[in-house]
Each structure stands twice: as structure tokens, then as C-alpha cells.
Protein chains: 2
Amino acid sequence: MTDTRGTRAATIGDVARTAGVSRATVSRVLNGRASVDRALAERVETAIAQLDYRPSETARNLSLGRTNTIAVVVPDLGNPMFQAILHGVTLGAAEDGFQVLVGDTRERPELERRAALDARRRCDALLLCAPRMPDEDLAAVLAQAAPMVLINRPTPAPVAQLAMDYRHAIGLVADHLAGLGHRRLLYLGGPLSSASNRLRLEGVADAEKRHPGLVVQRQEVGASLDAGSDIADAVLRSDATAVIAFNDLVAIGLLSRLDDLGVSVPGRLSVVGVDDIPFARYSRPHLTTVSLPKDALGTQAWAQLKDAMAGRPAAEPVWVEGTLVERHSTGPAPA
Amino acid sequence: MTDTRGTRAATIGDVARTAGVSRATVSRVLNGRASVDRALAERVETAIAQLDYRPSETARNLSLGRTNTIAVVVPDLGNPMFQAILHGVTLGAAEDGFQVLVGDTRERPELERRAALDARRRCDALLLCAPRMPDEDLAAVLAQAAPMVLINRPTPAPVAQLAMDYRHAIGLVADHLAGLGHRRLLYLGGPLSSASNRLRLEGVADAEKRHPGLVVQRQEVGASLDAGSDIADAVLRSDATAVIAFNDLVAIGLLSRLDDLGVSVPGRLSVVGVDDIPFARYSRPHLTTVSLPKDALGTQAWAQLKDAMAGRPAAEPVWVEGTLVERHSTGPAPA
DNA sequence: TTGTACGCGTTATCAA
DNA sequence: TTGATAACGCGTACAA
């Protein structure tokens, strides 16, 4: 864009002039659209090399009506979950020559609408991850941002959707704990406004129905390492024998604090997380959790984005299911 | 960019026509450049609302000669270090109305040159993080990508630079360990091609000079959790009483494996990391490490990028120093 | 196969 | 204060 070397960057016109051809011809050898005489082509090539010419991406964008860029908007880049998604979609996009514009709404739902729309306007499509904005904001975004794909925010609206099945994931860990003889569980929930927290709560309710005698206390905590650590004392004051954490971050924070307090896990208390972030297998004790295919999610998102950009209608929402990863933070309920 | 609702998006011309004014006037009320008659302005406003008009970002980019977007290229988005930088720079940029295009070179140095240049061409400036490309590639990038800022890749070239002082950081932990009576250290290095690894090695050499009798073995390991875990056995076979890991990832992986093996830390072995990622304080035992101001780095990077875009000459390279954070993975050398 | 001419949607210049 | 009109740099019908 900017040229600080004093002399303005060469344009296609400059190349055409030095090569003694028309701009159309230069454009042709550049894009290989039509065939061009070998001799002319070579003159163009040398002119390009001589002038160190590079086509203006901006001008191409305007002329072609597309930017070959997609927008990815997430609530928090610090969350390993979104990092994994971003990572996956970046790789997929790169393979098709697309770049990625990233937006971080800093966990502030009131910024999401603007952020999503602004980012979208500079790109060809939008990948909106786990937005917590109110329904009406979401409706506005859905109305303007097509083609787009929505991740982890179930909606009846006809838009391409991809979501982790947290309800199913909680079912997995609840069954696991019930099988180990636990009857009094504690669910450490994330932000109430989060759709994925609501999903988890449904999973909790399902489990209670499925296992008569199982009781699950609910508590709102947060979604971070610190939140998990801070809640340790309250957890110990409860009569639960097992804890289902909102995600691995909360679980690992809790585990660390319990270790400091000398509480035996899983002897006295079992702890499970959800997500299976890379650190989960390196915690002490190694965390039992639900593995969700995060990179695959990014890849799938890219596939859906391509469909959407190609004008293909949105398929049914895709629910990706996780699998239980039994490690060492869970064990039989204490007698 | 794309409009799937069948009807093409309204342009400034459409607004002008429905409002019965010229496009110039519409542009004026849009950007508030000059004053415009109140009545006309209102007609324009209503026309805009009625047509649901939004100016084309692409067209503005071409006309204004800038995109209000910066490119950030990192070796690996999965690394908490780069995530933190990306996070910081995204926040800073957002405050000034800039967006961020992110590129991930997947730890493949041969992709860096192209990735950096491609990303740069769609943006107003480039933030290049810890590139491992050969010097000649770097020279090529520096020649074309201005305005830009370089992070963690010291070079004599006159470009704005920002770097963690890993040499100093290693000095900090080495002094700490020497003070605890350790004489036989083991340095677990990262990729040899990495400039930050070379910096650390200088720090190691400095420490050996500063502390007569101190010997430090060097070993190349990698930069990941898995790498740290995998090297545990080799570490135990050495006669070192303390380990300096390339970064916190390696340290945490190592710690986890040592715990599995029943090795007492810091009783038998002390372990230190570098970076102070969020997980460092939640490992077992809590990791002694060097805290580097990562978010601040992102913020500083944005400040420097603004300077560069304003045409201000590059200041001297900025070296940011870390501070030792003593936690519980280090203790007196065993007798 | 090549060149001419126009369109992409804005902003900026210059008269009026 | 307003409106023609010319950039911005490229792609592409269409004609030659």
C-alpha cells in the first residue's frame, strides 16, 4: 500500500509502457487468462522484473469484487479453544489462497455486532465464533453478513452452523462419573449468557434424568484458570464427590489449587474438564476430559465457508461430538 | 463484498440519485470533511437509511491508498507467546480503527518470505514475529515490506525492532540457580535456526563466565510440551541438578513427566522455564520462570507500527527485559 | 492475438 | 456550499 522508498510503486501502466504493449496484454500474461504471443510475453516479463512490479491487491479487489480474505471473529484470542479454531481455519484458507482477518471482541458482547460487521465488510465471508450478543443483534448480523458460518451459537435461522455438542459431552462425563459410583456432583458453569453453557446445563439435566439418585449442584464460576483456582475452597465446602468443570481451563486451575491444599484427586474428589486442550494431558493428575476435534472444526468451518461463498445453500447444522478421554483425575467415589 | 440477496448492494451513486444530489455531497456528509447544507444532509441521511447503504471498504481502500489493516505473521499460532503478542497488537490496533490480518507459517521457514510479503501487500504495514527464514530472505522482506516492525529477530538492518532479551532472561535464571548452589546445569535448547535460541545460548555462555565452576550442558530438544515430556529420561541420565528449559512449554512437559516418574522437584532436580505463560503458575510444582511482558510487547509493537506508518524513522531496537518469578520448581542443589 | 474503452465504488480537485 | 470530473489500479467485454 504505502511506499516509503520515495518513488511510487510501479503500476500495470508502467509495465505496459516499458514493454511497449497495452495494459490488457500485461494483465493477460499476469493472469494467464488468454494466450499471448511468446515474444510479447517475454518483453512483459522483463519489464515486470525490471520495474519490480507487483499488482495492487486493493485494485484487484475492487475490480474483481472479492478480496480473497475471510473474517474470523472470536470472543477471546486467549482461549485455547478459539486459538485452535483460528489455527485450523487459517490453514484451510491458506491452502485455497485465502487470508484471514481476525477480530477479538474481548469477551464484551456489546462489541460483537459492530466488530463482526466491520470485519465482514473488508472480507468475502465471515466466521463468527461463539457470539454472546443478544438475539436481535445476531439477527442483524445474519441479515447482513452472508455468506457466513456460525460456530457454537445454535439458532433456528437458516445459516450454516457448526457447533460442539457440549450437551453430549457433559453426558459423557456424567455417565463416566455415575459409573464410578458418584452420586453428588457439582457443575461449575461458565457465563450464563453463553450458549455453550446453556448446552452444558441441558446435558446436566439429561444426566439427572438418566441416572435416578444423581444430584448435580450448579454454580456459576467463569471460564478461566483463575476462576477454577478461586473456587477451590467453595468446592471443598460442598458435599460433592466429583466436579464437572466448565472447561479444561477451569479444571486445571482447580486441580492446581487442590494440589496446593493437599486434597487427594481423585481419592477425595474427582475432577473432569471439557475441551481437551494440549495442557490437559500435562496437568497433575492428568485431566480426564472430553476431546473435541478443534482443528477439525476449523477445517470444517472453512469447507462450509467455501460452500457459502459459492452460493450453495446452508446445509443442516453440524454437531461435532467429542469422546471421553479417561486420564487420572477421576476415580471411584469415596466410600 | 458478495451479496447473496439477489439485489446488488447500494452504491454511493444510488444514494446520490435518490437524494437528488451529487456523489461528492454524499461523500461529504459521510466523512464530514466539509460542511454541507442541513436540508441536503438530511435528504442524504434518509436516502442512506432507505437504501441501507454502506460504503464499499474496498473502494475506499483504493481511493485512499490505505486499508487500515496491518498484517501479523507468526511461526505458530499455537504458541502462547505469539498468541499473547497477537492479542496485544489486535487490541492496540482496534483502538485506532485498524484491523489485523494474521498469517501462520506453521513453523516452516521456507514459507515465511512469501507469507510475509503476501500478507503485507493487502495491508498498510507488517508485524513480523520471530521469523526463522535465512538472512537473504529476510533482507528481501525488509526491502519490500516497509513500513514494518520486526519482533525477536535481531538484525543490523535499519528496521524498527522489538525483542525479548532472552540473553538477559537466561542470565536471571542461571544466577538464581547458581545462588541456590547448583553447579551442573542442563540447557534444553529450541530450534538451532531460531534467533531467540542463539540469544539464550549467549546467556548461557555469559553465565558460565560469570560463575566459575558452573558447567552447563547443552542439548537441542524443541519447543513444545511433548518435547519436554519426551526428554525426561535423558535429563535423568545426565548428572545435572538443574534444568533450564527453552520455554515454559518444554518446562511444563518435563515437569509433568518427572512427576509421573516420581522424581522430586525441586528435591532431586530444579527446573526453570522462560516466558511465564498463564499455565506456568498452575503447574506442579508451580514453575519458576522469567516473566516477559507479552501483552506489552504487542502494545509496543502497535506503537512502533504507527510510527513507521507515519513515516517516522525507526528508533533504536527495543529490548524488553523480563523479571524472575520464583515459584516452587527450584530449590537448593541436592548435597 | 492484440488494443480500446469502460466499469468497479470511492475520494479529491477545481470551478461555479 | 455544490457539482462535474478526474484520479486510484486493475480486469475484461468487445472490436480489430
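Lettering of chains follows the sequences in order, A, B, ..., and the numbering in each one begins at 1.
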Checklist entry - In B/S/- notation, 5' to 3', how is nucleotides 10-16 of chain C contacted by protein heavy atoms closer than 4.0 Å? => result BBB----
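At whole-Å resolution of the value, CZ in Arg121(B) and P in dG9(D) are 14 Å apart. Distance Arg66(B) CZ to dG9(D) P: 15 Å, rounded to the nearest Å. If you take CG of Asp14(A) and P of dG9(D), they are 9 Å apart, rounded to a whole angstrom.
Side-chain atoms of Ile70(A) and Met309(A), non-hydrogen and from C-beta on, do get closer than 4.5 Å to each other. Under the 4.5 Å side-chain criterion, counting only non-hydrogen atoms from C-beta, Leu117(A) is in contact with Val141(A). Residues Arg66(A) and Asn61(A) have side chains not in contact (no heavy-atom distance under 4.5 Å, counting atoms from C-beta outward).
The phosphate of dG3(D) (OP1 or OP2) has a side-chain N or O of Thr25(B) nearer than 4.0 angstrom.
The OG1 atom of Thr58(B) sits 13.0 Å away from atom CZ of Arg60(A), with the distance rounded to the nearest 0.5 Å.
The Leu62(B) side chain lies nearest to dC8(D) when the options are dT2(C), dC8(D), dT2(D).
Using a 3.5 Å distance cut-off with no hydrogens or angles, the side chains of Thr69(A) and Arg122(B) do pair a donor with an acceptor.
Of the residues Leu86(B), Val149(B), Leu150(B), the one that meets the side-chain contact (heavy atoms from CB on, under 4.5 Å) test with Leu127(B) is Val149(B).
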